[in-house]
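Working notes, structure below.
Below, each value reflects all heavy atoms present in this structure, side chains not excepted, and no hydrogens, waters or symmetry copies. Both ligands and their constituent atoms are indexed starting at 1 by order of listing. Note that the numbering runs from 1 along the sequence shown for the chain.
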Amino acid sequence: MRSRILIIGACGQIGTELTIALRKRFGAERVIASDIRQGSGDLLSEGHFELLDATDYAAVEDIIFRYKIETVYLMAAMLSAIAERFPEKAWHLNMTSLFHILNLSKEQKIKKIFWPSSIAVFGETTPAINTPQLTVMEPSTVYGISKQTGERWCEYYFNKYGVDVRSIRYPGLISYTTEPGGGTTDYGVAIYHRALKHGHYRCFLNEGTVLPMMYMDDAIKATIQIMDAPKKAIKVRSSYNLAGVSYAPEDVTQSIQKHIPDFEISYEPDFRQAIADTWPASIDDSAARNDWGWEHSYDLDQITEVMLKNLTPQYK
Ligand code: SER
């Protein structure tokens with residue numbers, strides 16, 4: 001039988017689109033979607049779907065044996081804003097799930113792992129403009145600490161046990177299929193929904209808050225590309241910086257106004273502002289570009305166009 005792929009956290013913002021992309025590429029038979037909650041109609045009907053708690057070792061191992069899984073995409077995680085409310089739960093989910101997968105690979109029960117990191121690994125002391133691949137990293141959020149720790153463990157398992165784990169530091173991701181759940185960059189998606197629904201958006205981040213962002217298709221392309229790359233091309237075994245575009249809320253506003261001239265934004269920053277203030281404004285991703293040929297496609301206006309076009313039908 002051909003090798004199979006397991007996606008853990010398939011109902012999340014990235015997981016949903018990754019599942020669709022991998023099924024398209026490898027065939028629905030070879031891709032097993034799993035999540036702690038029941039998937040939407042398409043996820044369930046268009047291929048294998050399993051309910052799975054990523055922190056339950058026996059359950060994860062069982063699925064891996066049952067479906068003869070060789071590759072795991074571990075997308076389950078608690079994001080930055082929500083993790084501040086549930087620090088221990090976030091740490092437990094983010095770390096335990098990673099250890100399970102790393103250990104299953106160490107025991108040669110799976111061959112290849114994708115594990116996402118984030119711009120949240122950076123902190124206030126990190127250079128904020130063109131943040132280098134190798135730099136000061138003092139994250140101040142539970143989520144950031146879990147991702148930075150995860151990166152260290154990934155590199156450790158690669159060096160010590162030869163575990164083929166590959167990782168990307170995703171920026172804020174913009175998509176229309178599934179909304180993000182509990183991050184600091186969530187405004188970047190919400191703003192399009194509100195523009196169409198109300199013509200107004202009250203932003204929880206302040207004007208001038210420039211953050212690295214990326215359209216989902218670019219993020220999926222990067223994910224598939226890094227997993228396709230030959231093993232020796234992957235020189236960074238912690239996690240690769242990855243950049244698309246960088247912008248602030250007022251930049252998206254102007255971009256939306258090209259289509260909806262009356263659209264307005266107001267600012268009411270909350271606790272998420274303090275998180276955003278510790279994150280970089282732009283990212284140097286030359287290592288990813290040099291090592292495995294990464295290139296982004298979407299700029300802000302292209303993102304706006306595709307978001308408005310695809311969200312419009314649901315607000316008509
Ligand atoms: N988008 C994520 C968040 O805001 C960052 O990885 O938490």
Side-chain angles (χ1 to χ4, degrees), residues 9 11-18 73-87 89-91 93-95 97-98 114-124 126 128 131 137 139-151 154 167-193 203-206 209-220 222-223 238-249 252 269-283 285 288 296 298 303 307:
C11 299
Q13 191 198 9
I14 309 172
T16 306
E17 309 227 13
L18 188 60
Y73 291 77
L74 174 54
M75 312 311 285
M78 205 185 281
L79 292 184
S80 62
I82 188 109
E84 291 305 292
R85 296 211 174 105
F86 307 102
K89 220 169 146 185
W91 180 259
L93 170 62
N94 295 0
M95 300 315 300
S97 58
L98 176 59
F114 179 82
W115 176 79
S117 186
S118 157
I119 51 165
V121 294
F122 302 118
E124 210 168 0
T126 303
T131 301
M137 289 160 84
S140 58
T141 61
V142 176
Y143 176 66
I145 297 169
S146 76
K147 288 295 179 188
Q148 190 200 23
T149 309
E151 286 191 8
C154 287
S167 179
I168 282 168
R169 292 171 182 152
Y170 289 126
L173 298 180
I174 311 299
S175 63
Y176 60 84
T177 307
T178 308
E179 286 193 53
T184 301
T185 55
D186 291 15
Y187 94 86
V189 174
I191 194 168
Y192 292 109
H193 287 269
C203 189
F204 61 77
L205 296 183
N206 227 335
T209 310
V210 179
L211 288 171
M213 300 284 202
M214 179 177 287
Y215 184 55
M216 184 61 82
D217 284 17
D218 275 341
I220 298 295
T223 308
S238 51
S239 189
Y240 278 94
N241 276 7
L242 194 76
V245 275
S246 280
Y247 55 79
V252 203
D270 64 14
F271 72 101
R272 289 169 278 194
Q273 184 64 44
I275 299 176
D277 286 343
T278 69
W279 288 356
S282 57
I283 300 286
D285 63 354
H296 81 279
Y298 286 80
I303 297 175
M307 287 297 285

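Within 4.0 Å of ligand 1, heavy atoms belong to protein residues Leu79, Ser80, Ser118, Tyr143, Gly183, Thr184, Thr185, Trp279.
For the atom pair CG of Leu242 and CZ of Arg169, the computed distance is 11.0 Å after rounding to the nearest 0.5 Å.
In this structure, a donor-acceptor pair under 3.5 Å is absent between the side chains of Ser167 and Glu151. Using modelled atom types and a 3.5 Å distance limit, the side chains of Thr131 and Thr126 yield no donor-acceptor pair. With 3.5 Å as the limit, one finds no donor-acceptor pair spanning the side chains of Glu124 and Ser140.
Among Ile14, Ile174, Thr16, Ile303, the single residue meeting the side-chain contact (heavy atoms from CB on, under 4.5 Å) criterion with Met216 is Ile14.
Between Phe204 and Tyr187, the ring planes are perpendicular. Angles over 60° get that label, and only those under 30° would be called parallel.
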